[in-house]
Number of protein chains: 2
Amino acid sequence: MPRRDHMGPPWWHGRFRGHGYRITVAREAILDVLSQTEEHLSAEDVYLTVHKSYPNVGLTTVYRTLELLVHIGLVFKFDFGDGRARYELSEGPKGTRHHHHLVCTNCGRVIDYTDFIDDEIELLGRAEKGLSDKFNFRITNHLIQFYGLCDRCQKKT
Amino acid sequence: MPRRDHMGPPWWHGRFRGHGYRITVAREAILDVLSQTEEHLSAEDVYLTVHKSYPNVGLTTVYRTLELLVHIGLVFKFDFGDGRARYELSEGPKGTRHHHHLVCTNCGRVIDYTDFIDDEIELLGRAEKGLSDKFNFRITNHLIQFYGLCDRCQKKT
DNA sequence: ATGATAATGGAAACCATTTTCAATAGCAAT
DNA sequence: ATTGCTATTGAAAATGGTTTCCATTATCAT
């Protein structure tokens, strides 16, 4: 049940058209699920949620759509080390805040944080410029992740 | 053919014993392969190389040993997005230089860089402290990766 | 040398993701 | 609305890196 807030076509339609992609029910539903959550959903998570409203949307389509969304930069794909990829909207109408992840290597818990992001962004900006100059590499994206033990897992030791 | 440079037991024996792990031919061979290369080897890569000198070491053991090495912090495990994990010695007798990766999202090429590392390390230090204070998270490791198009792949467009 | 048990390897299992392919649906042009 | 071209889809099968099983072997403290 995609919602439009009574405001005409969703904000991402233009982005789709620009790439020559068609707008389909499955794609609307998947994008809707992603924009509705704060979690780091796996392909199967997305599939299960979409499946409630659209039982005829298959897992294959979810994988294909997520890949497409990553490709056009609407979605970030993460690997938290548990053997399945996780997906997150990279931006939204409300302008999802840029954040990074803290991954517990024991229980797999993932904490989003936005602290220090400003410093990081500044550093990344400098590094990106330097690296693209030196290696003639056109940087489009970056990943920062911290690993360690969350509070709960420290106690268990 | 593990080499000792005529200097008594390899530097990592202590690390093994400290964790209660036994020292075996397979483990020596695997560690040797890792310390002999500058590349980002996959488990299979390691297996194939080890296999030349020790045909009786199985792929399963390679996976198990690599996991063990990651666990005790001797090896870093990376995901460059090509569906197979890559392994790198985290430190060595010579003190392998800390570096990060530049991953080409088109051809998969990976470039190591050490530039800006000092800035990054400084930032990471601050971030780690702040994050462990705020979330009571004991940070043991971090990952920074840049993605983009390498020079060769930019031309193709 | 001995024994307790950690480590091993080959085969089978696992499981997230991808591929195949015939059927369907989006959309520009009519 | 209708048509035609072709992108998209879903179900099932295939893929392929990684893990698990389990009987055998090797390590190392005693």
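Below, all heavy atoms of this structure are taken into account, side chains as well, without hydrogens, waters or symmetry copies. Below, chains carry the letters A, B, ... as their sequence lines are ordered, and counting in each starts from 1.
- Rounded to an integer number of Å, the gap from OH of A:Y21 to P of C:dA25 is 22 Å.
- No N or O donor and acceptor, one from the side chain of A:R27 and one from the base of C:dG26, sit under 3.5 Å apart.
- Put simply, CD on A:E28 is 10 Å from P on C:dG26, counting in whole angstrom units.
- Rounded to a whole Å, the CD1 atom of B:I30 is 11 Å from the C1' atom of C:dA7.
- One N or O on the side chain of B:Q154 and one on the backbone of B:L149 form a donor-acceptor pair closer than 3.5 Å.
- Straight-line distance from the CG atom of B:L66 to the P atom of D:dT19: 10 Å, rounded to whole Å.
- For the pair A:V62 and A:L66, the minimum side-chain heavy-atom distance is below 4.5 Å.
- Distance from the side chain of B:T61 is smallest to C:dG9 among C:dA16, D:dC28, C:dG9.
- B:R64 has no side-chain polar atom (N or O) that falls below the 4.0 Å cut-off from OP1 or OP2 of D:dT18.
- Under a 3.5 Å cut-off, the side chain of B:S132 and the backbone N or O of B:K129 do form a donor-acceptor pair.
- Atom CG of B:D45 and atom C1' of D:dT18 are 15 Å apart (whole Å).
- If you check C:dC27, C:dA16, D:dG10 against the side chain of A:R17, the one that comes closest is C:dC27.
- B:T24 comes within 4.0 angstrom of sugar-phosphate atoms only, judged by non-hydrogen atoms across all strands, and of no base.
- Remark: of the listed residues A:Y147, A:F80, A:F76, A:F80 is the sole one forming a ring pair (Phe, Tyr, Trp, His ring centres under 6.0 Å) with A:H101.
- In this structure, CD of B:E67 is placed 12 Å from P of C:dA7, rounded to the nearest angstrom.
- Considering only the side chain of A:T65, D:dT9 comes nearest among D:dG17, D:dT9, C:dA16.
- When all heavy atoms of A:Q145 and A:D79 are compared, the closest pair comes out as NE2-O, 3.6 Å.
- Each of B:R22 and B:Y63 has a nearest nucleotide on DNA chain D; the 5'-most of these lies closest to B:Y63.
- Spacing between atom CG of B:D82 and atom P of C:dT17 amounts to 14 Å, rounded to whole angstrom units.
- For the pair A:L59 CG and D:dT15 C1', the interatomic distance rounds to 15 Å; values are reported in whole Å.
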